[in-house]
Amino acid sequence: MSTDAQPFLDLDGVAYAYGDDPPTVTGVDLRVPAGAFHCLVGRSGSGKTTLLKLAAGLLRPGAGAARIQGAPIDGPAPAVGFVFQTPSLLEWRTVLDNVLLPISLKRQVTAADRAAAHAALERIGIGGHAQRYPGQLSGGQQSRTALARALITEPPALLMDEPFAALDAITREGLQDDLLRLAEDRRTTVLFVTHDIAEAVYLGDHVSVMERGRIAFDMPVALDRPRAVDIRYDPGFNALCRDIRRQMAAASRMAA
Amino acid sequence: MSGMRLISVLLFVLLMLAWEVGVRLSGASAMVFPAPMAIAATLWDGLVTGFLWPHIWVTAAETLAGFALGCVIGFAAGVLLAEVEVLRRLVWPYVLASQVVPKLALGPIFIIWFGFGMTSTIVITALICFFPLLENTLTGLAAATPEKRDLFRMLRASRMQTLLRLKIPSGLPVILAGVRVAIVLALVGAVVGEFIGGDAGLGASIIAAQGMMDSTLMFALFIVITLMGMAFYHCTVVLERWLLRGWHKGDTQ
């Protein structure tokens with residue numbers, strides 16, 4: 001079986017409704033190739049978080065099929081790391097213990113694990129904070145800790161739910177660059193949910209726009225990698241953002 | 001802060017002085033309204049002759065035993081009811097009924113069941129401590145955010161791991177607030193329990209002093225009970241600070 005031909009994540013006509021409410025996700029097809037960075041953009045309530053939870057196996061689709069590496073998704077998969085909207089750190093544990101949580105839930109933590117966690121914190125720029133508690137960190141440092149925690153088991157894929165939405169612009173840019181670097185180093189497949197078009201274009205190889213539970217349209221992002229701060233002021237970058245914004249407006253008019 | 005403390009001490013001295021002078025000038029009977037100096041003398045006497053100590057030990061032992069029993073059972077029941085939804089819906093009305101009934105009204109039946117003395121008082125005290133722990137454990141175990149629960153699901157944590165490593169630590173501040181309420185109620189439970197069925201202890205001594213119309217002794221006992229309550233409360237605060245030493249102020253979610 002060739003893994004190149006087969007997408008890493010494959011959603012085929014998935015739908016989901018919370019209880020008896022109208023469906024939040026209706027008939028979504030989405031294919032994310034291995035190693036790709038795919039962004040899902042949409043306004044609040046467009047169903048993007050629900051779609052992410054379906055991909056994570058936290059929710060079971062009411063219709064359609066969801067597959068990871070060709071196998072049907074049956075609950076949370078070890079191949080997938082999840083980064084939440086809030087850092088969701090355990091306040092009573094040190095930064096180091098928080099990063100080691102995925103390992104310590106499975107087995108005894110070894111000296112090698114601790115060294116790996118220290119290295120991960122170092123790489124993401126908070127090496128000096130390993131023994132501090134989350135309450136003593138800034139918002140950006142908390143988000144970095146959450147990212148290090150998601151990557152400690154080196155999962156082939158990361159699902160991210162607006163992880164940087166609560167950060168100030170400068171801190172957010174720093175985290176975006178760190179994320180791009182880490183994902184490229186490991187060839188991690190990423191599905192990234194955001195409501196920020198510029199963020200989606202800056203990070204993604206591909207942007208899908210969600211509107212009322214459907215993918216309204218998607219487009220590839222033909223910008224060179226590695227990407228750096230300057231690209232944000234590039235005319236091509238801005239044209240892409242404007243294009244997506246216009247199409248979103250059109251899609252929302254059509255849906256209404 | 002130390003300035004405020006000084007003023008607070010001065011205020012106390014002033015109040016005592018006013019009380020002493022007021023009693024002496026008005027010539028009120030010591031049986032009705034004993035003077036602070038007389039109360040202090042009785043208290044000192046009780047401590048030096050050793051008359052008070054056995055009563056202090058009995059009440060302290062009842063309070064602590066009832067508190068420990070009530071807290072352990074309340075916490076265990078809270079965890080069980082929080083984890084087993086069906087059980088919660090099944091037994092909650094009974095739990096509530098057992099708490100709405102004035103527990104001291106159950107004193108006489110406990111005396112029939114357990115006899116006069118410490119056992120009845122300990123049972124009443126435990127029953128009083130049970131509820132704040134149950135209630136706060138139930139609330140506390142629901143405190144972990146949905147995202148943190150999802151995190152533990154994503155990490156494929158077992159139910160036991162989620163309970164021990166997420167829900168109980170997340171709820172600890174709320175559970176410990178219940179412990180603080182329980183220790184105060186425990187002392188009330190022990191003292192009032194002794195009113196009903198005690199043959200020794202500070203509560204029983206109050207009843208005995210009442211029989212002798214000895215108001216001075218009663219006030220001395222109030223002071224002992226108050227100091228004891230403050231000491232116990234302070235112990236729970238220290239315990240709480242130690243258990244929550246990892247929790248730091250600042251907002252994290």
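Bear in mind that the values here come from a model prediction, so they are computed numbers and not experimental data. Order of the sequence lines fixes the chain letters, A, B, ..., with proteins taken first and strands second; residue numbering starts at 1 for each chain. Keep in mind that the numbers below use all heavy atoms, side chains included, and drop hydrogens, waters and symmetry copies.
For the atom pair B:L151 CG and A:T86 OG1, the distance stands at 9.5 Å (nearest 0.5 Å). A:L105 CG to B:L155 CG: the interatomic distance, rounded to the nearest 0.5 Å, is 6.0 Å. To the nearest 0.5 angstrom, A:W92 atom CH2 is 9.0 Å from B:L172 atom CG.
A:P76 and B:M154 get closest at one heavy-atom pair: CB-CA, 3.8 Å.
For a heavy-atom cut-off of 4.5 Å, chain A lies close to B:Q161, B:R165, B:L166, B:P169 in residues 161-169 of chain B.
With a 4.5 angstrom heavy-atom cutoff, A:V80 touches chain B via backbone and side-chain atoms both. B:S170 touches chain A through backbone and side chain together, each having a heavy atom under 4.5 Å away. Using a 4.5 Å cut-off between heavy atoms, A:R132 makes no contact with chain B at all. Heavy atoms of B:R156 lying under 4.5 Å from chain A belong exclusively to its side chain. Contacts between A:T94 and chain B at a heavy-atom distance below 4.5 Å are absent for every atom of the residue.
When each of A:P78, A:A77, A:G57, A:G75 is checked for heavy-atom pairs under 4.5 Å with chain B, A:P78 comes out on top.
Side chains of B:D150 and A:F82 form no contact here, defined as non-hydrogen atoms less than 4.5 Å apart.
Shown here is B:W53, whose CH2 atom has no more than 12 heavy atoms of other residues, nucleotides or ligands within 6.0 Å. In the displayed structure, A:R186 atom CZ is contacted under 6.0 Å by more than 12 heavy atoms of other residues, nucleotides or ligands. Heavy atoms of other residues, nucleotides or ligands lying less than 6.0 angstrom from CG of A:D21 number more than 12. For A:R107, the CZ atom is densely surrounded, since the number of other residues' heavy atoms within 6.0 Å is greater than 12.
For B:A177, the side chain to side chain contact (heavy atoms under 4.5 Å, CB included) partners are B:N136, B:R180, not counting sequence neighbours. A:R172 pairs by the side-chain hydrogen bond (donor to acceptor under 3.5 Å, both in side chains) definition with nothing, not counting sequence neighbours. Residues forming a side chain to side chain contact (heavy atoms under 4.5 Å, CB included) with A:Q85 (at least two apart in sequence, or on another chain): A:T49, A:D161, A:E162, B:E147.
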